[in-house]
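All values derive from a computational prediction rather than experimental measurement. So you know, we letter chains A, B, ... as the sequences are listed, proteins then strands, and number each from 1.
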There are 2 protein chains.
Amino acid sequence: MKEEITTILKRNSLSVTASREKILTLFLGQDVALSHSDIEKKAGEKFDRVTVYRTLQTFTDKGIIHTIPTVDNAILYALCKDNCTQGHHHDQHVHFICDKCAQTFCLDNVVTPDVKLPQGYTSQQIEVVVKGVCKACKK
Amino acid sequence: MKEEITTILKRNSLSVTASREKILTLFLGQDVALSHSDIEKKAGEKFDRVTVYRTLQTFTDKGIIHTIPTVDNAILYALCKDNCTQGHHHDQHVHFICDKCAQTFCLDNVVTPDVKLPQGYTSQQIEVVVKGVCKACKK
DNA sequence: AAATAAAAGCAACATTGTTGCAAAATTTAA
DNA sequence: TTAAATTTTGCAACAATGTTGCTTTTATTT
Ligand SMILES: [Mn+2]
Ligand SMILES: [Mn+2]
Ligand SMILES: [Zn+2]
Ligand SMILES: [Zn+2]
């Protein structure tokens, strides 16, 4: 895993630092989206809050992670699984928020549906967030 | 308009106060979504910030307005046009954010598309936010 | 008009996010 | 391998946003 992380960072011409390794480990270790405060907690007191902000910004810029909109004013971040690059994300997948466990998942295989807009509107990007009960919680 | 506002408030068993009238006026006066800070600015220095927070919360609870998720950590609020009620919103419409004018619109006539989820997931609510160029900006 | 109920304002505080700059760590070049 | 150059980090100070308890004011009911 350590190797994978180095590869990702190098590929994006980022220096390999402790905080970047740690934060990337968190994302690779599970498949749910994380908020800034999740990361701040899980990364422990090892890193400054500012560093976390800057790291998430850098990763987003580089296309290593992407953001997920929520109604409750908390940006979520998740790993990009497609080959997103600097300034060019193409995660056209649906996101799912579970009402029971409150976790957010990338449904990488569920492609964003098309939307028929009224005359005059041009679509550039479509975000779809579904709320409901996830697979694990349904049982 | 003043009359309409009173009707709305009474219907929701809310007392008619200056701040509620003012904030509701802002929503009725145009068809774009407003952020908390938009409202704070437009409502002027007349009201305390806390009052604005509480009013938006109350209106949302009652189903007078609804929230719109955005990727940049700024909740937007817009009038409910359906007959939403306490604890029961049903604004199943698409939202549109214009990249040029940065305004957000409710596309009340564009119904949220269905999404086919993987086995085991249950959908309860679907949020669709489209980014692009709006009618006015296209010209 | 008085009593009751509800909302507003204020203060104090918590959380979240931003910026400039010096110190530390990483990368590059010698 | 070491020194220089570059990048990143941590710190401090600050700004913006959001929350809570309590008192005063305003609106509604009797
Ligand atoms: Mn995703
Ligand atoms: Mn809407
Ligand atoms: Zn769940
Ligand atoms: Zn526009």
Q: I'd like to check B:Ile75 versus B:Tyr77 (side-chain heavy atoms, cut-off strictly below 4.5 Å). Are they in contact?
A: yes
Q: Please classify the nucleic acid contact of B:Arg20 as base, sugar-phosphate, or nothing, using heavy-atom distances under 4.0 Å.
A: sugar-phosphate
Q: Could you tell me the separation between the CD1 atom of A:Ile75 and the P atom of D:dA16, rounded to a whole number of Å?
A: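 The answer, rounded to whole Å, is 18 Å.
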Q: Please find out if less than 6.0 Å separates the ring center of B:Phe105 from that of B:His95.
A: no
Q: Figure out the CG/P separation between B:Leu9 and C:dA8, and round it to whole Å.
A: 10 Å
Q: Between residues 52-67 of chain B and DNA chain D, which residues have a heavy-atom gap below 4.0 Å?
A: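 Going residue by residue through residues 52-67 of chain B, the ones with a heavy atom under 4.0 Å of DNA chain D turn out to be B:Tyr53, B:Arg54.
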Q: Send over the distance from A:Asn12 CG to D:dT8 C1', rounded to a whole Å.
A: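 Result: 16 Å.
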Q: With a cut-off of less than 4.0 Å, is there a side-chain N or O of A:Thr51 near OP1 or OP2 of D:dG10?
A: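 For D:dG10, OP1/OP2 do have a side-chain N/O of A:Thr51 under 4.0 Å.
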Q: Below 3.5 Å is the cut-off: list the nitrogen or oxygen pairs between protein and nucleotides 26-28 of chain D, distance only.
A:
unit_1: D:dT28; atom_1: OP1; unit_2: B:Val16; atom_2: N; d: 3.1

Q: Just the rounded figure in Å: distance from C1' of C:dC10 to NZ of B:Lys46.
A: 17 Å
Q: Among the candidates C:dA11, C:dT18, D:dT17, find the nucleotide nearest to the side-chain atoms of A:Val50.
A: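 My answer, after comparing the listed nucleotides, is C:dT18.
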Q: Does a donor on one side chain and an acceptor on the other come within less than 3.5 Å for B:Asp38 and B:Ser35?
A: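 There is such a pair between these side chains.
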Q: Between D:dT9 atom C1' and A:Lys22 atom NZ, what is the distance in whole Å?
A: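 Computing the A:Lys22:NZ to D:dT9:C1' distance gives 17 Å.
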Q: Could you state the atom-to-atom distance from CG of A:Asp48 to C1' of D:dT8 in whole Å?
A: 12 Å
Q: Would you check if B:Glu40 and B:Phe47 make a side-chain contact, meaning some heavy-atom pair closer than 4.5 Å?
A: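 B:Glu40 does not reach B:Phe47 side chain to side chain.
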Q: Rounding to an integer number of Å, can you tell me how far B:Ile39 CD1 sits from D:dG18 P?
A: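 Rounded to whole Å, this separation is 11 Å.
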